[in-house]
Amino acid sequence: MAEMPTIVLVHGAFADGASWSPVALRLQGAGFEVRVPAISNRSLADDADYVSAFVSRIPGPVVLVGHSYGATVVGVAGRSENVAAVVFVSGYVLDEGESAAEIHARFPAAPAVEFFREVAYPELGDGTRRDVWVDEREFAFLAAAGLPDDEAGVLAVTQRPLDSAVLGEPAQAAAWRTTPSWGVIGLDDRVVNPEALRWAYRRAGARQILELDGPHLLMHTHPAEVAALIVRVAATLS
């Protein structure tokens, strides 16, 4: 490979950057530079702009990877000039002007939807906004099936909520129209319907869709397989 790309991993809803630790460890062991920016989970436009700016400061090519809501973010932020490939993991991929709610409405709701919890929080100025997270008591079954109980318990109480308004926010761009993409699906995902992901990845022209017998948090249950796909994607840039 003429120049090894930097791997940028973007977390999603109900998690933070540490959710990528098992995969980042393997990528670093394979000799890659890895970056894991923190996003706000408050605005798709703001998070995509933040990731775009973050990526643009990295010299050389970038493989941009997003999990869950992070997949939606990189589906917009991947328009940055030095992004050579985008990998979507367990998250909606939007077309320009489309929202996650629109894709969600096309398919039966995943089991976790029944266990989404919301609470209002004050917004600067007048009004309130609403945080969404997965009920901590159901988190292990819905998002982390297969992990040890103690590990799943920690992930449940360290969730990073998502602003509910993000679900209805339209994407400003669709990076997959100009940037090669790959997709990863957990067949036991109870947070996002795997059929919705399969449909979205096929529409995006994903060069490969890797399907794993795992839950929403594939980075924890199948880190070797997810890392191996990212390495293969990087190899295509030679």
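From a predicted model like this one, the values you see are computed outputs, not experimental measurements.
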Does Val34 offer a backbone N or O that forms a donor-acceptor pair with the side chain of Gln28 under 3.5 Å? no
Is Glu118 atom CD crowded by more than 12 heavy atoms from other residues, nucleotides or ligands, each under 6.0 Å away? yes
Please report the C-alpha distance between Leu210 and His222 in whole Å, then the side-chain angles of each, then the deciding distance to 0.1 Å, and finally whether the side-chain contact (heavy atoms from CB on, under 4.5 Å) criterion is met. CA-CA 12 Å; Leu210 176 63; His222 293 72; over 6 Å; no
Under 6.0 Å from the CD atom of Glu33, do we count more than 12 heavy atoms belonging to anything else shown? no
Could you pull out the closest heavy-atom pair between Thr158 and Val154, with the gap in Å? OG1-O, 2.8 Å
Check step by step if side-chain contact (heavy atoms from CB on, under 4.5 Å) holds for Ser19 and His220. CA-CA 7 Å; Ser19 64; His220 286 266; 4.1 Å; yes
Side-chain heavy atoms under 4.5 angstrom apart, residues restricted to Ile, Leu, Val, Met, Phe, Trp, Tyr: same cluster for Phe139 and Val119? yes
Heavy-atom pair with the smallest gap, counting every atom of Tyr201 and Ser90: OH-N, 3.2 Å
Geometric class of the His67/His216 ring pair [parallel <30°, tilted 30-60°, perpendicular >60°]: tilted
Just verifying a value: how many Å separate Ile39 CD1 and Leu162 CG, rounded to the nearest 0.5 Å? 9.0 Å
How about Trp20 and Ile7: do any of their side-chain heavy atoms sit closer than 4.5 Å? no
So Leu94 and Leu44, do their side chains get closer than 4.5 Å, heavy atoms only? yes
Mind checking whether Val86 and Trp182 have side chains closer than 4.5 Å, heavy atoms only? no
Nearest atoms (heavy-atom pairs only) where Gly78 meets Ala175: C-CB, 3.4 Å
Kindly compute the distance separating OG (Ser52) from CZ (Arg57), expressed to the nearest 0.5 Å. 10.5 Å
Evaluate the ring planes of His104 and Tyr92, with Trp represented by its six-membered ring, and classify them as parallel (under 30°), tilted (30 to 60°) or perpendicular (over 60°). perpendicular
Using a 4.5 Å cut-off on heavy atoms from C-beta on, say whether the side chain of Leu142 contacts that of Pro111. yes
CZ of Phe54 to CG of Asp49: how many Å apart, nearest 0.5 Å? 15.0 Å
Just jot down the side-chain hydrogen bond (donor to acceptor under 3.5 Å, both in side chains) partners of Glu225, sequence neighbours excluded, or say none. none
Any side-chain heavy atom of Val23 sitting closer than 4.5 Å to one from Val65? no
Just how far is it from atom CG of Asp189 to atom CG of Leu218, taken to the nearest 0.5 Å? 7.0 Å
Under the criterion side chain to side chain contact (heavy atoms under 4.5 Å, CB included), which of Ser43, Pro37, Ser40 is the partner of Tyr50? Pro37
To the nearest 0.5 Å, how far apart are OG in Ser181 and CD in Gln208? 11.5 Å
Not counting sequence neighbours, which residues clear side-chain contact (heavy atoms from CB on, under 4.5 Å) with Asn82? List them please. Val55, Ile58, Val62, Ser80
Let me see the working for Glu96 and Arg79 under salt bridge (charged side-chain N to carboxylate O under 4.0 Å, His left out), right down to the final yes or no. CA-CA 12 Å; Glu96 185 174 356; Arg79 67 189 185 277; over 6 Å; no
If only atom types and distance count, is the side chain of Arg190 paired as donor or acceptor with the main-chain N or O of Phe141 below 3.5 Å? yes
Can you confirm whether Val76 sits close enough to Asp47 that some side-chain heavy atom of one is under 4.5 Å from a side-chain heavy atom of the other? no
Pair His11-Asn41, side-chain contact (heavy atoms from CB on, under 4.5 Å): steps then yes or no: CA-CA 9 Å; His11 70 81; Asn41 289 2; 3.8 Å; yes
Ignoring hydrogens, what is the shortest heavy-atom contact between Val134 and Gln159? Give both atom names and the distance. O-NE2, 2.7 Å
Heavy-atom pair of closest approach, residues Thr179 and Val83: CG2-O, 3.8 Å
Start with the C-alpha gap between Phe88 and Leu197, add the side-chain angles, then the distance that decides, and say whether side-chain contact (heavy atoms from CB on, under 4.5 Å) holds. CA-CA 9 Å; Phe88 306 113; Leu197 300 181; over 6 Å; no
With sequence neighbours left out, write down each residue that passes salt bridge (charged side-chain N to carboxylate O under 4.0 Å, His left out) with Arg117, or none if nothing qualifies. Asp135
With a 4.5 Å heavy-atom cut-off, do Leu217 and Phe14 have their side chains touching? no
Nearest heavy-atom approach of Thr221 to Pro223 is C-CD, 3.4 Å
Verdict with supporting geometry, Arg42 and Asp131, salt bridge (charged side-chain N to carboxylate O under 4.0 Å, His left out): CA-CA 9 Å; Arg42 291 286 171 266; Asp131 263 345; 3.0 Å; yes
Donor-acceptor check, side chain of Arg207 to backbone of Val233, threshold 3.5 angstrom: yes or no? no
In this structure, CZ of Arg35 is separated from OG1 of Thr6 (nearest 0.5 Å) by 6.5 Å
Evaluate the side-chain proximity of Val226 to Leu212: yes if any heavy-atom separation is below 4.5 Å, no if none is. yes
